[in-house]
Q: 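Please read through the structure below; I'll follow up with questions.
Remember, it's 1-based here, ligands and their atoms both numbered in the order they're listed.
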Amino acid sequence: MKILEIDGNVPLTGTIRIGGAKNSAVALIPATILSNNKTTLTNVPDITDIYVLKEILEFLGVKVSDASSSMVIDPSSMKNKVIPDKLSNKLRASYYFMASLLAKYKHVKMHFPGGCQIGSRPIDQTLKVFKALGAEIKEKDCVFDISARKLVGNEITLDMPSVGATVNGIIVAALAEGETVIHNAAREPEIVDLADMLNKMGAKITGAGNSTVKIVGVEELDGCFHNVIPDRIEAGTYIILGALVGTYLRIENIIPEHIKTLLDKMQDMGCDLEINQDSVVVNANDNLLAIDIKTSGYPGFPTDLQQPFVTLLIGAKGKSTVIENIYENRFMNIPYLNKMGANIAVKERTATILGANSLHGEEVEATDLRAGASLLLAALKASGHTTIKNVEYILRGYEDLIEKLTSVGAKIELKEI
Ligand code: EPU
């Protein structure tokens, strides 16, 4: 197990450069295999989820070469095979291969995907899209056998704006016959990034970023060069860190528009932010005011920043409420934050935070990626020493974590026990 040893309450100064978006890259990589030609991705984050996708590609016979954040993917000699459960259960995004293999070979057999245990994460909406395009789905013991004589475009309304179902829908429709329209689609920037890449490859996708996306299928796709957009969740996490312990902490290589809801809420609380074209400079401020948030799909407050944001609310004066509308298990950081000195009560999907409280170091445990990020921020703010266990979760989504934090002055060490 990997652990983090952190001495907190150290002011952080300097610049943190944000990497490529995890949730974009994990969709772009499976989509590249729709073509038989090489695609080069740049600004690919150096995180463990990407290493797993690389293993899956290599298992399928795809040649992958990567060097300092760029990845060349050559599917010219790939084969359609059942991805071993031990790989597909490591991350949710493995099920984007369901769509790309189905689109390319009209047949895929795959296990139920993995992912952080943050709530029930069904895949019914993806299956609904596949069925609407003509696929037949057999399921036995969580293994899905999906085939289609041919895939034909259709009009589908998702029950909720699911990111995963929108990604899978776009991928599968890109090579289907005729026109597919997805209503109630997710609007996340990562969906736009996927459509941008596929359009460079020759796809005909319009409306990505809106709730209706139209895809006119094409017979084949070519390779392309594509630069992954910056990770808005990594950016938001470090901006919150700056509001906790920053002294002129600059977060660069970001698209502020992608985190507008976060920045607006932080400004309403009284955070000291200087928002530039592709960076934000933030200074800690002890006079923050309580605020309420509710998570929702983009452009609403992102569930992936809810847990890091709760850490900031601990130091804000008054009563804050946080309603988590996307996942029922995204309060698993709260018992540990309370152990560190917070006063937070959870009832169903609402957390009530009474502040301002100060934090002290403790031994805590990451239960999933963003819960881990929340505890990491708390540890960097707290007085004294904190040990965080199960750091593997955090390393799934934050590249060069130790290097980025130590470069701005944090006292943090990663150990293997
Ligand atoms: N849902 C269904 N049926 C489905 C799909 C989703 O009921 O077929 C429900 C889910 O249970 C959930 C909600 O709809 O309550 C949203 O799920 P969505 O499909 O939008 O999420 P996802 O595709 O599984 C992606 C990100 C998550 C992020 C969510 C929401 C990836 C690989 N994962 O998950 O990222 O929280 O969208 O924005 O893109 C993370 O990075 O820490 C993370 C968990």
Side-chain angles (χ1 to χ4, degrees), residues 19-31 45 47-50 52-53 88 90-99 112-132 137 144 156-171 182 184-194 211 228-229 231-237 258-259 261-262 295-309 323-330 332-333 349 366-374 376 392-399:
K22 168 178 89 76
N23 289 344
S24 250
V26 298
L28 298 172
I29 290 169
I47 50 174
T48 49
D49 273 13
I50 299 296
V52 180
L53 291 179
S88 53
K90 283 196 180 148
L91 77 171
R92 174 79 169 174
S94 60
Y95 87 141
Y96 296 153
F97 280 103
M98 260 188 194
F112 192 85
C116 283
Q117 299 301 308
I118 49 182
S120 77
R121 302 182 80 180
I123 64 168
D124 56 295
Q125 297 304 299
T126 285
L127 300 179
K128 170 171 154 171
V129 177
F130 291 168
K131 268 189 211 152
I137 301 165
F144 294 83
I156 305 129
T157 302
L158 298 179
D159 295 1
M160 76 288 292
S162 156
V163 172
T166 306
V167 167
N168 278 328
I170 290 175
I171 291 176
I182 306 175
N184 201 21
R187 301 172 56 194
E188 270 64 5
E190 294 75 23
I191 306 279
V192 179
D193 204 25
L194 172 69
S211 41
V228 182
I229 57 168
D231 195 309
R232 63 196 166 97
I233 307 301
E234 187 196 15
T237 305
H258 288 175
I259 45 171
T261 325
L262 170 74
T295 63
S296 64
Y298 190 84
F301 197 97
T303 171
D304 294 344
L305 283 174
Q306 177 267 108
Q307 290 162 303
F309 195 72
I323 301 178
E324 172 54 59
N325 286 315
I326 311 292
Y327 294 114
E328 62 272 24
N329 274 348
R330 269 202 154 161
M332 290 192 289
N333 51 331
R349 285 182 178 255
T367 52
D368 59 78
L369 166 56
R370 309 301 173 187
S374 158
L376 171 66
E392 284 81 356
Y393 282 118
I394 309 178
L395 300 177
R396 289 185 56 174
Y398 292 89
E399 69 167 14

Q: Using the side-chain contact (heavy atoms from CB on, under 4.5 Å) rule, pick out the option among L376, I47, L369 that qualifies with Y398.
A: L369

Q: Tell me if the aromatic rings of F309 and F301 count as close, with their centers under 6.0 Å from one another.
A: yes

Q: Mind listing the N or O contacts between ligand 1 and protein, cut-off under 3.5 Å?
A:
unit_1   : atom_1 : unit_2 : atom_2 : d
ligand 1 : 3 (N)  : D124   : OD1    : 2.9
ligand 1 : 8 (O)  : P122   : O      : 3.2
ligand 1 : 8 (O)  : D124   : N      : 3.2
ligand 1 : 8 (O)  : D124   : OD1    : 3.4
ligand 1 : 8 (O)  : Q125   : N      : 2.8
ligand 1 : 11 (O) : S120   : O      : 2.9
ligand 1 : 15 (O) : I326   : O      : 2.6
ligand 1 : 19 (O) : S162   : OG     : 2.6
ligand 1 : 19 (O) : G164   : N      : 3.4
ligand 1 : 20 (O) : V163   : N      : 2.7
ligand 1 : 21 (O) : Y327   : OH     : 3.0
ligand 1 : 23 (O) : G164   : N      : 2.9
ligand 1 : 24 (O) : R92    : NE     : 2.9
ligand 1 : 24 (O) : R121   : NH2    : 3.2
ligand 1 : 34 (O) : R121   : NH2    : 3.4
ligand 1 : 34 (O) : Y327   : OH     : 3.4
ligand 1 : 35 (O) : N23    : ND2    : 3.2
ligand 1 : 35 (O) : D304   : OD2    : 3.2
ligand 1 : 36 (O) : D304   : OD1    : 2.5
ligand 1 : 36 (O) : D304   : OD2    : 3.4
ligand 1 : 39 (O) : N23    : OD1    : 3.4
ligand 1 : 41 (O) : K22    : NZ     : 3.0
ligand 1 : 41 (O) : N23    : ND2    : 3.2
ligand 1 : 41 (O) : D304   : OD2    : 3.4
ligand 1 : 41 (O) : R370   : NH2    : 2.8
ligand 1 : 42 (O) : R330   : NH2    : 3.2
ligand 1 : 42 (O) : R370   : NE     : 2.9

Q: For D304, give me all partners under salt bridge (charged side-chain N to carboxylate O under 4.0 Å, His left out), at least two apart in sequence or on another chain.
A: R330

Q: Ion pair present between R232 and E190, side-chain N to carboxylate O less than 4.0 angstrom?
A: yes

Q: To the closest 0.5 Å, what do you measure between CD1 (I191) and OH (Y298)?
A: 12.0 Å

Q: Measuring from I50:CD1 to R396:CZ, what's the distance to the nearest 0.5 Å?
A: 11.0 Å

